[in-house]
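Note sheet for the following structure.
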Amino acid sequence: MARVSQEHLDARRRQILEGAIRCFARNGFHATSMQDVLRESGLSAGAVYRYFTGKDELITAIALHVFDRLEEAFTEAARLRPSPLPDEMAGYLAGSVFAGGDPALPPELAVQAWAETLRDERLAQVLRGGFERLLGLWTEVVEDYQRRGLMPGDVPAGHVARTVLGTMQGFVIQRALFPGADPAVLADGLRGLTSMTRPDEPVREEGPEG
């Protein structure tokens with residue numbers, strides 16, 4: 001009997017994930033059954049259950065895929081020296097993760113996954129682990145900004161990193177609720193905020209005449 005190649009196994013697993021992603025994005029996690037995933041993927045029950053024991057495992061696999069893609073994209077950008085500024089970094093990440101990829105990841109799926117962590121501790125652990133890895137990478141970039149004199153050194157780098165991640169999460173929610181939100185909007189907004197400068201002296205108010 002011919003041995004199945006790893007390439008074939010990976011392609012079959014991706015086919016299942018793509019079908020599950022379409023189902024979950026369309027109907028939500030709880031309204032989607034494994035039968036729906038079978039029909040969407042075009043595979044038999046035996047083929048699907050060879051890779052995933054059930055819906056919860058599929059949801060966890062998709063969450064891991066999201067963080068793997070985020071971490072891969074961010075690590076690639078974070079290796080650049082000098083580090084790209086926050087607007088460039090955030091815009092690139094938002095576009096690379098939710099505007100394409102294999103399989104594509106609708107932003108509404110990310111919002112559903114975040115909500116699901118409130119009831120599923122295993123999924124919550126995946127979320128916390130992925131978030132901590134991204135927070136660590138962002139913190140390293142912020143520290144590079146501080147070494148270059150682009151950002152005050154008395155601001156905790158981890159606090160800045162958490163704020164930028166929170167901004168990106170907010171953009172994902174906007175993109176889910178208001179389809180068509182362009183990652184360029186996120187980049188423009190961050191560029192505007194980070195370009196603000198404090199005047200050397202406060203503006204003096206003029207007193208009444210006379």
Side-chain angles (χ1 to χ4, degrees), residues 1-81 84 89-117 119-138 140-141 165 168-169 172 175-176 183:
M1 183 175 181
R3 183 178 179 180
V4 178
S5 69
Q6 187 61 48
E7 182 179 356
H8 174 82
L9 294 174
D10 291 343
R12 183 60 56 87
R13 186 178 189 275
R14 186 167 58 250
Q15 182 179 350
I16 298 167
L17 282 177
E18 288 173 345
I21 286 171
R22 289 193 296 270
C23 286
F24 291 147
R26 185 168 59 240
N27 300 320
F29 289 144
H30 296 291
T32 298
S33 68
M34 284 301 289
Q35 288 299 320
D36 295 327
V37 175
L38 296 178
R39 284 192 295 270
E40 190 73 29
S41 64
L43 298 172
S44 67
V48 172
Y49 284 109
R50 177 180 181 180
Y51 295 87
F52 303 100
T53 60
K55 192 166 68 171
D56 284 347
E57 195 168 299
L58 262 173
I59 293 170
T60 301
I62 291 170
L64 283 168
H65 179 69
V66 171
F67 279 112
D68 285 346
R69 183 182 296 176
L70 267 172
E71 192 170 354
E72 179 182 352
F74 187 79
T75 300
E76 180 180 341
R79 288 197 186 105
L80 299 175
R81 287 295 182 272
M89 192 81 79
Y92 168 75
L93 289 173
S96 66
V97 174
F98 294 103
D102 180 21
L105 294 171
E108 56 269 28
L109 197 64
V111 176
Q112 290 182 56
W114 293 338
E116 196 70 8
T117 62
R119 74 162 194 92
D120 187 334
E121 179 57 28
R122 182 177 60 171
L123 190 59
Q125 290 177 2
V126 171
L127 179 69
R128 285 193 293 267
F131 182 82
E132 289 300 323
R133 290 194 298 274
L134 291 177
L135 185 62
L137 289 168
W138 263 112
E140 291 177 9
V141 171
L165 282 175
M168 292 184 63
Q169 287 175 303
V172 172
R175 194 174 171 90

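Just so it is clear, the structure is predicted and the values come from calculations on it, not from any experiment.
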Using 0.5 Å steps for rounding, measure from the [atom1] atom of [X] to the [atom2] atom of [Y].
X: Gln35; Y: Arg39; atom1: CD; atom2: CZ; answer: 6.0 Å
X: Gln15; Y: Asp10; atom1: CD; atom2: CG; answer: 13.0 Å
X: Ile62; Y: Leu123; atom1: CD1; atom2: CG; answer: 10.0 Å
X: Arg14; Y: Leu9; atom1: CZ; atom2: CG; answer: 11.5 Å
X: Thr117; Y: Arg122; atom1: OG1; atom2: CZ; answer: 13.5 Å
X: Asp56; Y: Arg119; atom1: CG; atom2: CZ; answer: 5.5 Å

Problem set entry | Side-chain touch Arg13/Phe52, heavy atoms, less than 4.5 angstrom |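 A side-chain contact under 4.5 Å exists here.
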
Exercise. Are Arg175 and Pro183 close enough that some pair of their side-chain heavy atoms sits under 4.5 Å apart?
Worked result: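 A side-chain contact under 4.5 Å exists here.
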
For this session: Take Leu109 and Phe29 through the test side-chain contact (heavy atoms from CB on, under 4.5 Å) and record every step on the way to the result.
Result: CA-CA 9 Å; Leu109 197 64; Phe29 289 144; 3.9 Å; yes

Please report the shortest heavy-atom distance between [X] and [Y], naming the atom on each side.
X: Met89; Y: Pro84; answer: CE-CD, 3.8 Å
X: Gly54; Y: Met34; answer: C-SD, 3.8 Å
X: Leu43; Y: Val48; answer: CB-CG2, 4.0 Å

Problem set entry | Chi angles and distances behind the side-chain contact (heavy atoms from CB on, under 4.5 Å) call for Arg50, Arg12 | CA-CA 10 Å; Arg50 177 180 181 180; Arg12 183 60 56 87; over 6 Å; no

Exercise. Would you call Lys55-Asp36 a salt bridge at under 4.0 Å N-O?
Worked result: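 Looking at Lys55 and Asp36, the cut-off is not met.
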
Exercise. Are any of the side-chain nitrogens in Glu121 or Arg128 under 4.0 Å away from the carboxylate oxygens of its partner?
Worked result: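 Looking at Glu121 and Arg128, the cut-off is met.
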
For this session: With Cys23 as reference, evaluate Leu38, Thr32, Leu58 under the side chain to side chain contact (heavy atoms under 4.5 Å, CB included) test and give the passing residue.
Result: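 Going through Leu38, Thr32, Leu58 one by one, the side chain to side chain contact (heavy atoms under 4.5 Å, CB included) with Cys23 is satisfied by Thr32 alone.
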
For this session: Would you check if the side chain of Gln112 reaches a backbone N or O of Phe24 as a donor-acceptor pair within less than 3.5 Å?
Result: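 Side chain of Gln112 to backbone of Phe24, a donor-acceptor pair under 3.5 Å: yes, one is there.
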
